[in-house]
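Structure first, then comments.
By convention in this document, chain letters (A, B, ...) are assigned in the order of the sequence lines, proteins followed by strands, and residues within each chain are numbered from 1. Predicted model, so just to flag it, every value in this text is computed and none were measured.
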Amino acid sequence: MPGWTSHEGRMVALPIENIDTDQLIPARFMSTPRSQGYGRFLLHDMARDADGSLRPDFALAAVPDASILIARRNFGCGSSREAAVYALVDSGFRAVIAPSFGDIFASNAVNNGLLPAKVSEAEAEALMKEVDHSACIDLERLEIVTGDLRIKFDLDPVWRTKLMNGWDDIDLTRDRADQIAEFRDRRKAGAAWAWV
Amino acid sequence: MPRPTTLLDKLWSAHEILRRDDGSSLLWVDRHLVHEGSHHGFAKIAARGLAVAEPSLTIAVVDHYAPTHDRDHIENAQIAGMIDTLERNAKAHDIRIFGLNSPYQGIVHVLGPEQGLTLPGLLINCGDSHTSTHGAFGALAFGIGATEVAHVLATQTIWQKRPKSMRITVDGRLAPGVGAKDIALNWIAKLGTDGARGHAVEYAGQAIRDLSMEGRMTLCNLSIEGGARLGMVAPDQVTFDYVRGRPFAPAGAAWDAALGDWAQLVTDNDAAFDRETSFDASEIEPIVTWGTSPEQALPIGAVLPDPARLGESQADMARAALEYMGLSAGRPLIGIPVDQVFIGSCTNARIEDLRAAAAVMKGRRAQVPGMVSPGSTPIRVQAEAEGLDQIFRDAGLDWVASGCSMCVGMNGDLVAPGKRCASTTNRNFRGRQGPGSRTHLMSPVMVAAAAVTGKLTDARPLLAGRI
């Protein structure tokens with residue numbers, strides 16, 4: 001997975017709270033192998049009529065080439081399905097900007113190169129008014145710039161490192177095998193009951 | 001004197017292999033539960049040519065796609081394929097699997113505790129957010145995504161930042177007909193679905209001590225719906241009595257050693273939490289959700305909120321939820337007609353839940369169709385031995401096999417568009433039970449009451465003289 005330091009792209013707004021993972025990708029699509037692409041499933045039941053055609057009033061349809069999504073609080077709450085992140089990434093998104101995120105969603109996002117950028121509610125609302133423009137996101141400065149707006153965002157330092165280097169968790173553990181083996185032996189000796 | 005510590009502190013330090021300067025901990029995983037949905041994780045390790053590090057600590061369970069009818073002839077190729085993929089991965093990696101035809105098959109968060117695989121003091125991961133259920137035993141249990149599943153498969157460890165600590169104390173006694181589901185929906189309604197975001201919740205207080213293990217599992221299960229990464233109850237005699245003698249529980253000298261270790265799993269007096277909140281159990285009433293988020297929940301005697309009287313952002317959500325649910329502001333919850341009922345899921349399908357629902361249904365007829373899916377095959381067998389299945393069948397409900405079923409609809413058990421379902425499950429999200437489905441979450445007795453009256457009803461009068 002390639003890392004990234006800055007990204008410039010178009011913004012689109014989804015001014016709804018508590019966008020849960022069941023909305024981001026309904027469960028019925030989750031048996032699909034990743035190689036087939038998940039983009040078409042993004043917000044499927046919000047986006048499409050029963051016959052599968054895209055609704056003209058679907059918020060994301062306003063900017064089909066958007067790569068930055070602005071949303072309201074508690075984005076990605078609900079299940080642990082990483083498929084919710086695949087649907088965003090495969091639709092071309094590199095960042096979601098919101099006042100807060102579901103915990104598991106946010107860590108899944110980072111493991112797939114998608115930035116969960118936390119801003120205040122007022123800042124998210126201000127950005128939603130600028131969706132006609134593109135924005136530039138800088139991971140080094142932790143900053144979003146669009147027009148006259150310059151907004152700082154919160155990001156866990158570990159997550160910043162992972163995004164900038166394109167690392168997922170397995171990459172972080174590569175050099176730790178000895179420490180893991182040592183701990184394993186100690187736990188097996190100290191808490192034999194914990195083994196199956 | 002050593003600094004007083006919380007249950008979270010103790011569990012965390014018992015599993016911490018190392019902590020980096022940036023605050024990220026590498027933790028040892030004692031149990032990794034996988035299911036059909038873990039296919040992405042297996043595909044990721046295959047792509048990197050990695051093996052499963054600890055096959056004996058990895059347990060596979062068929063639940064998410066498990067058919068509840070006609071298991072011998074799965075017509076849907078996609079569903080059959082999902083189950084087959086898990087079976088092939090389990091075989092290839094030498095992982096113990098509880099398959100569709102195992103007499104112990106069930107929902108992973110029911111099966112783990114039932115088999116004694118879930119124990120106090122363990123760190124338990126599963127690619128499912130309701131892994132928080134296992135915290136009821138005083139375990140560190142949380143759901144993970146597919147990349148993390150791959151990581152645990154390959155290393156038996158997980159990277160985590162320690163969550164903040166939060167204690168929810170519930171003192172006093174619950175009234176008859178009020179249970180763990182109501183404790184959970186009550187706090188989520190008050191604090192919001194992100195009320196505990198970033199926190200590990202420890203439940204404490206007399207009302208929690210008074211809960212059975214089944215009740216504690218329901219409560220910890222729903223912690224994720226309040227945004228918590230995990231929920232926990234310190235183990236006590238109730239826990240030990242539940243665990244003792246289960247198939248995979250330690251026995252003999254190992255049991256004695258375990259009990260010694262488990263007795264330490266308490267929060268010290270004077271230990272500080274990042275957040276504390278408390279509720280009075282005697283004030284909690286049966287709670288029902290009315291909207292499309294678990295926080296949109298009210299006591300059964302309430303009326304639906306008027307968006308015009310809410311703050312701007314809440315008003316938008318409430319308006320949209322009422323429209324989706326086909327409800328109007330100001331109408332009482334009692335009397336809203338339902339089209340069907342569902343009793344099942346990792347939240348409320350244990351034997352105690354089935355007994356409670358059956359207490360309401362005994363000798364009564366359901367006014368609407370519905371399904372009862374026990375949390376596991378052993379629970380189904382036990383319920384049948386107790387005659388509970390007959391009570392449900394006599395009432396007119398379907399008594400079916402075990403799995404995640406209509407909670408998430410992956411196996412094809414769906415609520416049709418526009419239909420309203422009273423459900424013992426955990427999520428009333430839009431489309432959760434099927435596109436256009438309308439879900440009202442509530443306890444098993446409240447679902448049973450909705451079944452026999454055909455509408456949202458206070459179960460308490462129907463329970464009079466029966467509990």
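Within the 4.5 angstrom heavy-atom criterion, only side-chain atoms of A/Ser107, from C-beta onward, approach chain B. For chain A, no part of B/Pro247 is nearby; none of its heavy atoms comes within less than 4.5 Å. Both the backbone and the side chain of A/Ala27 come within less than 4.5 Å of a heavy atom in chain B. When heavy atoms are compared at a cutoff of 4.5 Å, B/Glu36 does not approach chain A at all. In this structure, the portion of B/Leu117 lying under 4.5 Å from any heavy atom of chain A is its side chain and not its backbone. Only the side chain of A/Arg174 comes within contact range of chain B, with at least one heavy atom under 4.5 Å from a heavy atom of that chain. Proximity to chain A (any heavy atom under 4.5 Å) is shown, for B/Thr147, by both the backbone and the side chain. Heavy atoms of A/Asp169 lying under 4.5 Å from chain B belong to its backbone as well as its side chain. The part of B/Asp261 that comes within reach of chain A is its side chain, from C-beta onward, which places non-hydrogen atoms under 4.5 angstrom from that chain. Contacts of B/Ala53 with chain A are absent, with no heavy-atom separation under 4.5 Å from either backbone or side chain. Contact of A/Arg72 with chain B is made through the side chain alone, with heavy-atom distances under 4.5 Å. Contact annotation for B/Ile144: only backbone heavy atoms (N, CA, C, O) come within less than 4.5 Å of a heavy atom of chain A. In this structure, chain A has heavy atoms under 4.5 Å from both the backbone and the side chain of B/Phe429. For chain A, the nearby parts of B/Thr193 are the backbone and the side chain; heavy atoms of each come within less than 4.5 Å. The contact between B/Tyr65 and chain A is made entirely by side chain atoms (from C-beta outward), counting heavy-atom distances below 4.5 Å. Only the side chain of B/Glu54 comes within less than 4.5 Å of a heavy atom in chain A; its backbone stays farther off. For chain A, the nearby parts of B/Asp22 are the backbone and the side chain; heavy atoms of each come within less than 4.5 Å. Heavy-atom distances place both the backbone and the side chain of B/His151 under 4.5 Å from chain A.
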_Could you go through A/Asn18 and B/Met317, starting from their C-alpha distance and side-chain angles, then the distance that decides it, and tell me whether this counts as side chain to side chain contact (heavy atoms under 4.5 Å, CB included)?_
CA-CA 9 Å; A/Asn18 292 329; B/Met317 261 201 76; 3.2 Å; yes
_Trace of the side-chain hydrogen bond (donor to acceptor under 3.5 Å, both in side chains) decision for A/Thr173 with B/Trp159_ = CA-CA 9 Å; A/Thr173 316; B/Trp159 286 104; 2.7 Å; yes
*Run the salt bridge (charged side-chain N to carboxylate O under 4.0 Å, His left out) check on A/Arg81 and B/Asp128 step by step: do they pass?*
CA-CA 7 Å; A/Arg81 59 184 74 166; B/Asp128 187 277; over 6 Å; no
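When the shell of 6.0 Å around CG of A/Asp51 is examined, it contains more than 12 heavy atoms from other residues, nucleotides or ligands. Annotation for A/Arg55: atom CZ counts as buried by contact number, over 12 foreign heavy atoms lying within 6.0 Å. Enclosure of atom CH2 in B/Trp255 by more than 12 non-hydrogen atoms of other residues, nucleotides or ligands within 6.0 angstrom is indicated. Atom CZ of B/Arg20 has more than 12 neighbouring heavy atoms from other residues, nucleotides or ligands inside a 6.0 Å radius. Counting non-hydrogen atoms of neighbouring residues, nucleotides and ligands closer than 6.0 angstrom, the CD atom of A/Gln36 exceeds 12 such neighbours.
Salt bridge absent: A/Asp20 and B/Arg427 never bring a charged side-chain N and a carboxylate O closer than 4.0 Å. B/Arg48 has a carboxylate O that lies under 4.0 Å from a charged side-chain N of A/Asp171, or vice versa, which qualifies the two as a salt bridge. Between A/Asp156 and B/Lys161 there is a salt bridge, since a side-chain N of the basic residue sits under 4.0 Å from a carboxylate O of the acidic one. For A/Asp22 and B/Arg430, the salt-bridge test fails: no basic side-chain N is under 4.0 Å from an acidic carboxylate O.
By the 4.5 Å heavy-atom criterion applied to side chains, A/Glu82 and B/Val149 are not counted as neighbours. Between B/Ile17 and A/Glu182, the closest side-chain pair of non-hydrogen atoms is not below 4.5 Å. Under the 4.5 Å side-chain criterion, counting only non-hydrogen atoms from C-beta, B/Arg432 is not in contact with A/Pro26. With a 4.5 Å cut-off on side-chain heavy atoms, A/Met30 and B/Met410 count as touching. Taking 4.5 Å as the limit, some side-chain heavy atom of A/Asn108 sits within range of a side-chain heavy atom of B/Glu148. For the pair A/Tyr86 and B/His40, the minimum side-chain heavy-atom distance is below 4.5 Å. Looking at B/Ile224 and A/Ile104, their side chains come closer than 4.5 Å, going by heavy atoms from C-beta outward. Side-chain contact between B/Leu50 and A/Ile170 is present, with heavy atoms from C-beta onward closer than 4.5 Å.
Atom CG in B/Leu259 sits 10.5 Å away from atom CH2 in A/Trp193 (nearest 0.5 Å). Atom CZ in A/Arg187 sits 9.0 Å away from atom CH2 in B/Trp28 (nearest 0.5 Å). Rounding to the nearest 0.5 Å gives a distance of 6.0 Å between CZ of B/Arg197 and CG of A/Asn74. To the nearest 0.5 Å, atom CE of residue B/Met82 and atom OG of residue A/Ser31 are 5.5 Å apart.
Highest contact tally toward chain B, considering only A/Thr161, A/Asn112, A/Asp103, is held by A/Asp103 [criterion: heavy-atom pairs under 4.5 Å]. Across B/Leu119, B/Thr155, B/Leu57, B/Thr157, the residue that shares the most heavy-atom pairs under 4.5 angstrom with chain A is B/Leu57. Comparing B/Ala43, B/Ala14, B/Gly23 by heavy-atom pairs within less than 4.5 Å of chain A, the highest count is held by B/Ala14. No other option in B/Arg96, B/His64, B/Glu295 has as many heavy-atom pairs under 4.5 Å with chain A as B/Glu295. If you tally non-hydrogen atom pairs under 4.5 Å between each of A/Arg28, A/Arg176, A/Met46 and chain B, the highest count goes to A/Arg176.
Aromatic ring centroids of A/Phe183 and B/His15 lie 6.0 Å or more apart.
When all heavy atoms of A/Ser80 and B/Ser129 are compared, the pair lying nearest together is OG-N, 3.4 Å.
No donor-acceptor pair closer than 3.5 Å links the side chain of A/Asp45 to the backbone N or O of B/Pro435.
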